[in-house]
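As structure tokens, the structure follows; a few thoughts come after it.
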Amino acid sequence: QVQPVESGGGLVQAGGSLRLSCAASGRSFSGYNAGWFRQAPGKEREFVAAIYWNGVSTIYSDPVKGRFTISRDNGKNTVYLQMNSLKPEDTAVYYCAASGWGTAITDYTYWGQGTQVTVSS
């Protein structure tokens, strides 16, 4: 099993950037597909981006295409979400998930506790 642990969240002004990291505890991230989801206040958890276990394929939700980039460094046992041109509507708790493949919450098995991203105007 693998346990994702997110970090890198914080407060940033609109137009700024943040890089989230998702490190694995327990079993190595290598060999696991991974995804990022987010949940804004009063909203359902929604898909953000996913990356295949070897990085060969990625998918993005429409709201973040062109602004966010998912990547991974299996040598560092870490998955990243680079967020550029941040907007206030990006404000949410961001969750990292592992295993499975897709855009649905039910596609993934292992979840982190989340990291808060707040984008101010």
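One is the number of the first residue; the rest follow in order along the sequence. Here the structure is a predicted model, which means the values were calculated and not measured.
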List for me each residue that meets salt bridge (charged side-chain N to carboxylate O under 4.0 Å, His left out) alongside Arg67, sequence neighbours excluded, and say none if there are none.
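So Arg67 forms a salt bridge (charged side-chain N to carboxylate O under 4.0 Å, His left out) with Asp90.
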Set of salt bridge (charged side-chain N to carboxylate O under 4.0 Å, His left out) partners for Lys43, sequence neighbours left out
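Scan of Lys43 (salt bridge (charged side-chain N to carboxylate O under 4.0 Å, His left out), adjacent residues dropped) gives none.
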Do other residues, nucleotides or ligands put more than 12 heavy atoms under 6.0 Å from the CD atom of Gln13?
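Atom CD in Gln13 is not packed in, count stays at 12 or less.
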Exercise: identify the closest heavy-atom pair between Ala14 and Pro88
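In terms of heavy atoms, the two residues are closest at CB-CD, 4.1 Å.
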For Ala98 versus Val2, what's the shortest heavy-atom pair and its separation?
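So the two residues come closest at CB-CG1, 3.8 Å.
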Is [X] linked to [Y] within one hydrophobic cluster, defined over Ile, Leu, Val, Met, Phe, Trp and Tyr using a side-chain heavy-atom separation of less than 4.5 Å?
X: Phe37; Y: Ile70; value: no
X: Val117; Y: Tyr95; value: no
X: Tyr32; Y: Tyr80; value: no
X: Val56; Y: Trp53; value: yes
X: Phe68; Y: Leu11; value: no

Would you say the side-chain atoms of Arg72 pair up with the backbone N or O of Asn33, donor to acceptor, closer than 3.5 Å?
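Not confirmed, Arg72 side chain does not pair with Asn33 backbone.
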Asn84 side chain vs Ser17 backbone, donor-acceptor pair below 3.5 Å
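Checking the backbone N and O of Ser17 against the side chain of Asn84, no donor-acceptor pair under 3.5 Å is found.
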Got a sec, which residues hit side-chain contact (heavy atoms from CB on, under 4.5 Å) with [X], two or more places apart in sequence or on another chain?
X: Ile59; result: Phe47, Ala50, Trp101, Thr103
X: Ser28; result: Ser30, Asn77
X: Val12; result: Leu18, Leu86, Val119
X: Ser7; result: Ser21

Can you list everything that forms a side-chain hydrogen bond (donor to acceptor under 3.5 Å, both in side chains) with Gln1? Sequence neighbours excluded, please.
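Applying side-chain hydrogen bond (donor to acceptor under 3.5 Å, both in side chains) to Gln1 gives none.
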Not counting sequence neighbours, which residues clear side-chain hydrogen bond (donor to acceptor under 3.5 Å, both in side chains) with Asn54? List them please.
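Applying side-chain hydrogen bond (donor to acceptor under 3.5 Å, both in side chains) to Asn54 gives none.
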Do [X] and [Y] make a side-chain contact, defined as non-hydrogen atoms from C-beta onward lying under 4.5 Å apart?
X: Thr78; Y: Phe29; result: no
X: Glu6; Y: Leu20; result: no
X: Trp36; Y: Val79; result: yes

Pairs in or reaching into residues 45-54: which pass salt bridge (Lys or Arg N to Asp or Glu O under 4.0 Å), with residues at least two apart or in two chains?
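The answer is Arg38-Glu46.
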Sort and list the pairs that fulfil salt bridge (Lys or Arg N to Asp or Glu O under 4.0 Å) and have at least one residue in residues 19-35, not counting sequence neighbours.
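Non-adjacent pairs meeting salt bridge (Lys or Arg N to Asp or Glu O under 4.0 Å): zero.
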Under the disulfide bond (SG atoms under 2.5 Å apart) rule, what pairs show up with a residue in residues 76-121, not counting sequence neighbours?
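Found Cys22-Cys96.
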Using the side chain to side chain donor-acceptor pair (under 3.5 Å) rule, collect all pairs that involve residues 106-117, keeping only residues at least two apart or in two chains.
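Residue pairs with at least one partner in residues 106-117: Gln116-Thr118.
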